[in-house]
Amino acid sequence: MINVTKTFLPDQEQYLEYVRGIWERGYLTNNGPLLQELESQLKSYLGVDHLYFCSNGTIVLQIAIKALELEGEIITTPFSYCATSNAILWENCLPVFVDIDANTFNIDPAKIEASITDKTTAILATHVYGNPCDVEAIEQIAQKHQLRVIYDAAHAFGVSYKGRSLLSFGDISTCSFHATKVFHTIEGGALISNHPELDKKLHLLRAFGHQGDEVYLYAGINGKNSEFHAAMGLCNLPQVRSIIEARAQIFDWYHEGLDWEHMSRPQLMDDVEYNYAYYPVVLPSEEKLKGVMKALAAQEIIPRRYFYPSLNTLSFMPQRFDCPISEDISLRVMCLPLYVGLPQEDVKRICNIINDYLSA
Ligand SMILES: *Cc1c(COP(=O)(O)O)cnc(C)c1O
C-alpha cells in the first residue's frame, strides 16, 4: 500500500540514547533540557529569535489568539485544515472567510479589505502547502487597519521567502510538528513570535500562566511538550535538509511524469526556497477526481483530498460566507503520495494510472 505520506523515522539507536538520558535524569517534561536544546537548535535552523516548542499545531493557534488578546472577527482562509478555523471558534471569535487566489490557493489580499468591519481584529492566514502567502500585501492591509497577523505555518517548516525565514513575517507564526509534516516530533508544534515583549507571556501561556508557585499572571493552558517528543525532534532535525532534498527529487519525478494537459497545480510564489511539503494536483472536475482516486485505490495507492471541504461550508460555522474559488478547487484537488523513500518506479506508476484515466 502506498499512502499519501509515511512518517520519517530516525535511527532507533540514536533515539534510545536520548531515552537513556531521560531515564538517568528522571526528568520527563516541564521545560526539560532536551526541550531547551531543541528550541535552541530550531531557532538557529529556522533563523528566528523567539520560538516556543508546544504540544501540537492547534493549541499554538489558540495560544497565539489568546496572547494577542483577539476578539470579534478574524479574517481567515477557507482553504486550510479545519484546525485553523476551529482555533478561532474555540477562542470565541468569528471566522470571516475571504476567498483564495486561484493561482496560489492562498488567501487573496485583494479581497480582504471588503471584509473588514469595525469588529475585525486580525488576519489568520495559512501558507498553503508551504507556499508563502502574499505577506507584503497582507502586511500593508494590516498596518492600514491596525490588525494583527497570525500565520498558520503548519506546512511552512524551513521555507524562506526573499532570503528570509517565512516564519519571521506577521506578529506570530505557528508550526505543526505532527508525524505527517516535513519535520516532526511525533506530536508537536511551535509558536514563533516577532515581538520580544510577548516572550514572557507566550512562555507562561504555554504552561498554565503562572511563574513558580506564587505568581499567577495569565489564564494559561497546558500546551507543554515532553522530553520524549523533544528527543524525536533532536533526532530528526539534523536529517531535515536531506529529507527536503529527497522530497524535491520526488517532486521533479511527478512534474515530469504527469500529463499537464489534463490537470494543473498551484503556482509557487517567486523568490521562494521551498520545502516540498505536498504534491497537490487539480483535476478538471470532482467526478474525474473520484475516478482517478478509484483507479489509484485499485492499485492500493491512497492520495488524500486535502483540503476538502472548503471550511466556509462546514455546518457548524456561525455565519455563511461565499468563497466560490475555494469551494471549486477543494472539490477537485488531491495530494499525491510524497515521502522519503518513495521509489521512482512507484511515482511513474502513479503518474501512468492518472494519465491513462484522464486521457481515456
Ligand atoms: C497539521 C495542521 C494543523 C494542526 O496541527 P496539529 O499538530 O495536528 O495540531 C493546523 N493547520 C494546518 C494548516 C495543518 O496542516
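Whatever order the structure lists them in is the order used to number ligands and atoms, beginning at 1.
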Would you mind checking which non-hydrogen protein atom is closest to atom 5 (O) of ligand 1, with the distance to 0.1 Å? Ser176 OG, 3.2 Å
Residue His155 vicinity, atoms of ligand 1 by number, heavy atom under 4.0 Å: 13 (C), 14 (C), 15 (O)
Show me which atoms of ligand 1 lie under 4.0 Å from any heavy atom of Gly188. 7 (O)
Determine whether the aromatic ring centres of residues Phe169 and Tyr151 are separated by less than 6.0 angstrom. no
Check whether any N or O atom of Thr58, backbone or side chain, sits under 3.5 Å from an N or O atom of ligand 1, and answer yes or no. yes
Does ligand 1 have any atom sitting under 4.0 Å from a heavy atom of Ser80? yes
So is Ala87 in contact with ligand 1, going by heavy-atom distances below 4.0 Å? no
Report yes or no: is the cationic atom of Arg265 (NZ for Lys, CZ for Arg) closer than 6.0 Å to the six-membered ring centre of Tyr279, at no more than 45° off its axis? yes
Verify whether the ring centers belonging to His155 and Phe307 lie closer than 6.0 Å. yes
So is Glu187 touching ligand 1 or not, going by heavy atoms under 4.0 Å? no
Distance from atom 2 (C) of ligand 1 to nearest protein heavy atom, with residue and atom: Lys181 NZ, 2.7 Å
Can you report which non-hydrogen protein atom sits closest to atom 11 (N) of ligand 1, along with the distance? Asp152 OD2, 2.7 Å
Could you tell me if the ring centre of Tyr45 sits under 6.0 Å from that of Phe157? yes
Are Phe177 and Phe183 close enough that their ring centers fall under 6.0 Å? yes
Does an N or O from His178, backbone or side chain, lie closer than 3.5 Å to an N or O of ligand 1? no
Take atom CG in Asn222; do more than 12 heavy atoms of anything else shown fall under 6.0 Å from it? yes
Do any nitrogen or oxygen atoms of Gly57 come within less than 3.5 Å of a nitrogen or oxygen of ligand 1? yes
Hey, quick one: are Ile116 and Ile88 part of the same hydrophobic cluster, counting side-chain heavy atoms closer than 4.5 Å, chains of contacts allowed? no
Measuring from Leu68:CG to Leu198:CG, what's the distance to the nearest 0.5 Å? 6.0 Å
Does ligand 1 have an atom under 4.0 Å from some heavy atom of Tyr306? yes
